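The structure appears right after this line, and notes come after that.
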2 protein chains.
Amino acid sequence: MLGGTTRDRQAERREATQLEILDAAWSMAREAGLAEITLRGVAERVGMRAPSLYTHFGSKHAIYDAMFGQAWAECLTQFESLRDQVPEDAREALRFIARSFFDFAVSDLPRHQLMNLRTIPGFTPSAHNYAPAVATLDLAREIFIRHGITAQEDLDLFTALVGGLVDSQHANDPGGDRWARLLDRAIDMLADDLGLP
Amino acid sequence: MLGGTTRDRQAERREATQLEILDAAWSMAREAGLAEITLRGVAERVGMRAPSLYTHFGSKHAIYDAMFGQAWAECLTQFESLRDQVPEDAREALRFIARSFFDFAVSDLPRHQLMNLRTIPGFTPSAHNYAPAVATLDLAREIFIRHGITAQEDLDLFTALVGGLVDSQHANDPGGDRWARLLDRAIDMLADDLGLP
DNA sequence: GTCTATACACCGATAGAC
DNA sequence: GTCTATCGGTGTATAGAC
């Protein structure tokens, strides 16, 4: 049907423009910092005026929100692709997951700030864009359970431990490896606590 | 000498006004959030106009900077007063320090954000106001050494561990104790790793 | 020295013309 | 869908009153 095709075309075009805007926002975040994004700056990068962005996003926070969803979706995709590579041995599995998450978080500061820190004043992710974050944690939980680690407290301790190392690395030795070097040791510490062989 | 007295009076008055401004800023931070401080809001609380604040602080960041110094000085003072209460036993000592820091960090969100997170866009503490932070860490290091823990990596792991729990608590269960309950266990984990009895 | 009034450049957001 | 014009807000520079 012609009407249907037209509508699809328009929807595609619209989605493409939204992606273009988000790409511009990421680019500006990486250049100037996550919090330094401005609508005028983003608009300029896509060849628009600032108010035109409101055709595609209801507010600046809505742009952050969409970026939040993108980032966690990216993380989820990576974890799903790594799913079959998780070692059989529980201790090795913990190390593998921890290293994967650590590297992902450390490799992109603005992305990590948006995903895991509350660095944008007043921003809270919507339920819709929070979903891939939940899915990622669920996936981690599933892998943990598969390796016999079932207590929520154990997963909580794991996330706090890895998160603490990531934040320390970013805050106190950006670009270095002072805390990255401690990751395996930290995980072994936890594995011992869990009674893993 | 009269000139000296006058100068002292003026200096005292000036310092008092500065403290008044900082108190107003803390009050506004606790009401509206750390990042939501505005110069006009702070000025109104002390009965001034916004530009008048520039008589006492060179910029908004300079106010954040002074607050940063206050917060860490507060932390240092508390740790110094606790110094003689640190248990002899190394494991108990670790628990004690960890709990002290955890409680201090969790009891005041805006203060913790300013001290430990980089939540204010573009803000970096000056060397002068960073000093009490260094002194606090030095004090912690000294206590660690007194208990036979001398490696920098051990202290790094300790700070990352406690920091990770604090951040998780603030971000995922504010006002609760989901990660607070894991603190002793986490410290025991580390103590075991260090070969402590 | 302290404070004020004024002004400026920038921000996110809205209204309405095309 | 994109534009121009504009609004209320911000931090801050400056000139001048007391």
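Given the structure is predicted, the values throughout are model-derived calculations rather than measurements. Protein chains get the first letters and strands the later ones, always in sequence-line order, with residue 1 at the start of each.
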Next item on the list: Would you check, one step at a time, whether the test salt bridge (charged side-chain N to carboxylate O under 4.0 Å, His left out) holds for R185(A) with D154(B)?
Entry: CA-CA 10 Å; R185(A) 180 183 159 198; D154(B) 297 342; 2.8 Å; yes

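- Applying the side-chain hydrogen bond (donor to acceptor under 3.5 Å, both in side chains) rule to E92(A) yields no partners; only residues at least two apart in sequence or on another chain are considered.
- Comparing the start and finish of the helix from dG1(C)-dC18(D) to dC18(C)-dG1(D), five pairs each, the helix axis swings through 10°, to the nearest 10 degrees.
- Within the structure, side-chain hydrogen bond (donor to acceptor under 3.5 Å, both in side chains) pairs that include any residue of residues 46-60 of chain A do not occur (at least two apart or interchain).
- Listed in residue order, the members of residues 56-67 of chain A having a heavy atom less than 4.0 Å from DNA chain C are S59(A), K60(A).
- D23(A) meets the salt bridge (charged side-chain N to carboxylate O under 4.0 Å, His left out) test with no other residue; sequence neighbours excluded.
- Residues satisfying the salt bridge (charged side-chain N to carboxylate O under 4.0 Å, His left out) criterion with R40(A), sequence neighbours excluded, are absent altogether.
- Partners of R14(A) under the salt bridge (charged side-chain N to carboxylate O under 4.0 Å, His left out) rule, at least two apart in sequence or in another chain, do not exist in this structure.
- Side-chain contact check for M48(B) versus V42(B): every heavy-atom pair is 4.5 Å or farther apart.
- Scanning residues 14-26 of chain B for heavy-atom distances under 4.0 Å to DNA chain D yields an empty list.
- Panel note: side chain N129(A), backbone F68(A); no donor-acceptor pair is recorded below 3.5 Å.
- Using cut-offs of 30° and 60° for the angle between ring planes, the F123(A) and Y64(A) rings count as tilted.
- Here chain A contacts DNA chain C (any atom closer than 4.0 Å to a heavy atom, that is under 4.0 Å), and the contacts span dC11(C) to dT14(C) from 5' to 3'.
- Scored by the salt bridge (charged side-chain N to carboxylate O under 4.0 Å, His left out) test, D173(B) finds no partners at all (sequence neighbours excluded).
- Near DNA chain D, meaning a heavy atom under 4.0 Å away, the residues from residues 33-51 of chain B are I37(B), T38(B), L39(B), R40(B), P51(B).
- Contacts of D192(A) classified as side-chain hydrogen bond (donor to acceptor under 3.5 Å, both in side chains), with partners at least two apart in sequence or in another chain: R91(A).
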